[in-house]
Structures are given as C-alpha cells and as structure tokens.
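Remember, it's a predicted structure, so these values are computed and weren't measured experimentally. Each residue takes its place number in the sequence, starting with 1.
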Amino acid sequence: SDEKDIGFSKQDITPRISFQETAYFNPFLQLNNDIATMTFTMPDALTRWNIRLFAHGKDMSFGSLDTFLISQKPFMVSTHVPRFIRIGDSIQIRAMIHALEAHKTLPVQAYIRYFFDDDSTNMRELTTTATASVASPGLVTWSLSIPKSSTLQLIIGAYSDELHDAESHRIPIHPNRQIVTDRFPI
C-alpha cells in the first residue's frame, strides 16, 4: 500500500484542530529593562495574523506598532468548511493543497475521513489524488450526503513522500425546521 512506501501511516498525521481567530490578548504586560516578552501558543490556523501593540507610560508617553505575522507550513491543506449543515443536504467539501517549498510538481494523496454523531467506529474514508507545486496548489473535492444526525466530524488531509498535513473540523447538523439567526458585532 501507499502508506508503507512513504514511511508513515495516515493515523500518524496529527490534524490541526485549533482555528480560533484571536491568538493572544493580554492588556497588561510588565517591562523588564524596557523589553516586554510574550510567550503563547499559536492557533493551528495557517494565515496572516495582524499584530497591534499599544503602550503608555506614567508620564503620558505612548507608542504603538501595527505589523503582521504569517504562520504557514511547507506543505499545507487548506479547507473552508461550512459553519453548519442541514439534514438531507448534499455538500461538496473542497481542499487546496499547498506545497510552498516544492522544487517540482508533487504527486499528492488526499483523503477525507468522516463520521456522524461521535460514532468513530463507523468512520468512512474517501481518497483521491492530485498534484501540487509552488505555482499551482492542488484542488480536491469530495461529495457527502448528510443523514439525520447532529454532528459531522471531518478529518481532511494529504501526504506526499515525507510531507503531510491535515485539518479536523466538527460541523453541527441542524434540522430543516430550525431557523438560524445571524449575529453581527457592533
């Protein structure tokens, strides 16, 4: 099988699960010789993070900094899953596979493993192949039909030679009669 040829199993790939939108917030930092040090764990989202710093002193002096930080991996799976789905939906799950340090086009094995309602013993898996390079990310698509359940757990991943990545998402399944209201920040 493909797994023996590449030296690892799909089960060895730890999916990224933490996709919160705020990486760090601390309204009070102590300075040590005019240097503030922050240590925190970045969320698993591979994206561009905006950084905004503001400081002031007892004498009303102040300073600010606006910059950004990009978190990325040499080989990444990027998905945009829906916020929720409904019973009876037929959905397409798409994933882009980025090979940021590939010197040539890579053949890629992509997979989606999924189960409903915390029943991981009934996990299903679909696989496909693609190619990915620095200039052209690979695009893969899977179609799923949604039965009467309350949640869908997805693990979407890809691998090629020594490179691999995966994401895990939990999507609520709403009945057709449930109205979803939008909330907007003010």
Self-check item: Considering all heavy atoms, the nearest Thr105-Pro107 contact
Solution: O-CD, 3.9 Å
Practice problem: Report the C-alpha separation of Gln153 and Ser120 in whole Å, then their side-chain angles, then the decisive distance to 0.1 Å, and conclude whether the side-chain contact (heavy atoms from CB on, under 4.5 Å) test is met. | Solution: CA-CA 9 Å; Gln153 179 76 36; Ser120 62; over 6 Å; no
Quiz prompt | Neighbour count >12 (heavy atoms, 6.0 Å) for atom CZ, Phe62 | solution = no
Quiz item: Can you find a side-chain donor-acceptor pair between Trp142 and Thr128 that sits under 3.5 Å?
Solution: no
Practice problem: Would you kindly confirm whether Met96 and Leu106 end up in one hydrophobic cluster when ILVMFWY residues are joined by side chain heavy atoms under 4.5 Å apart? | Solution: no
Exercise. Could you tell me which non-hydrogen atom of Thr79 sits nearest to which non-hydrogen atom of Ala95, and how far apart they are?
Key: CG2-CB, 3.6 Å
Quiz prompt | Residue pair Val77 / Arg16: nearest heavy atoms and the distance that separates them | solution = O-NH2, 2.7 Å
Quiz prompt | Linked, directly or transitively: Ile146 and Ile112 (ILVMFWY side chains, under 4.5 Å) | solution = yes
Exercise. Nearest 0.5 Å please: distance from the CG atom of Asp89 over to the CD1 atom of Ile171.
Key: 11.0 Å
Self-check item: Test item: Gln109 and Thr127 side chains (from C-beta on) under 4.5 Å apart, heavy atoms
Solution: no
Quiz item: Counting only heavy atoms not in Leu53, do more than 12 fall under 6.0 Å of its CG?
Solution: yes
Quiz item: Hey, what do you get for CZ (Arg86) to NZ (Lys148), rounding to the nearest 0.5 Å?
Solution: 14.5 Å
Quiz item: Rounded to the nearest 0.5 Å, how far apart are CZ of Arg52 and CG of Asp66?
Solution: 4.0 Å
Quiz item: Distance from Tyr114 atom OH to Glu125 atom CD, nearest 0.5 Å?
Solution: 10.5 Å
Exercise. Give the minimum heavy-atom separation between Ser78 and Glu167, together with the two atoms involved.
Key: CA-OE2, 3.9 Å
Quiz item: When you check the gap from the basic side-chain N to the acidic O, do Arg170 and Asp118 get nearer than 4.0 Å?
Solution: yes
Self-check item: Shortest non-hydrogen separation from Phe75 to Ala158 and the atoms involved
Solution: CE2-O, 3.5 Å
Quiz prompt | Flag if over 12 foreign heavy atoms under 6.0 Å of CG, Asn33 | solution = no
Quiz prompt | Atom of Ile93, atom of Pro82 and distance for their closest heavy-atom approach | solution = CD1-CD, 4.3 Å
Quiz prompt | Leu152 reachable from Phe115 in the ILVMFWY side-chain graph, under 4.5 Å edges | solution = no
Self-check item: Rounded distance (nearest 0.5 Å) linking atom CD1 of Ile91 with atom OG of Ser143
Solution: 9.0 Å
Exercise. Report the distance from atom OG of Ser145 to atom CD1 of Ile87, rounding to the nearest 0.5 Å.
Key: 13.5 Å
Quiz item: Are Leu65 and Phe54 in one and the same hydrophobic cluster, where Ile, Leu, Val, Met, Phe, Trp and Tyr link if side-chain heavy atoms are under 4.5 Å apart?
Solution: no
Practice problem: For a side-chain contact (heavy atoms from CB on, under 4.5 Å) with Tyr111, tell me which candidate from Leu126, Ile13, Val140, Ile156 qualifies. | Solution: Ile13
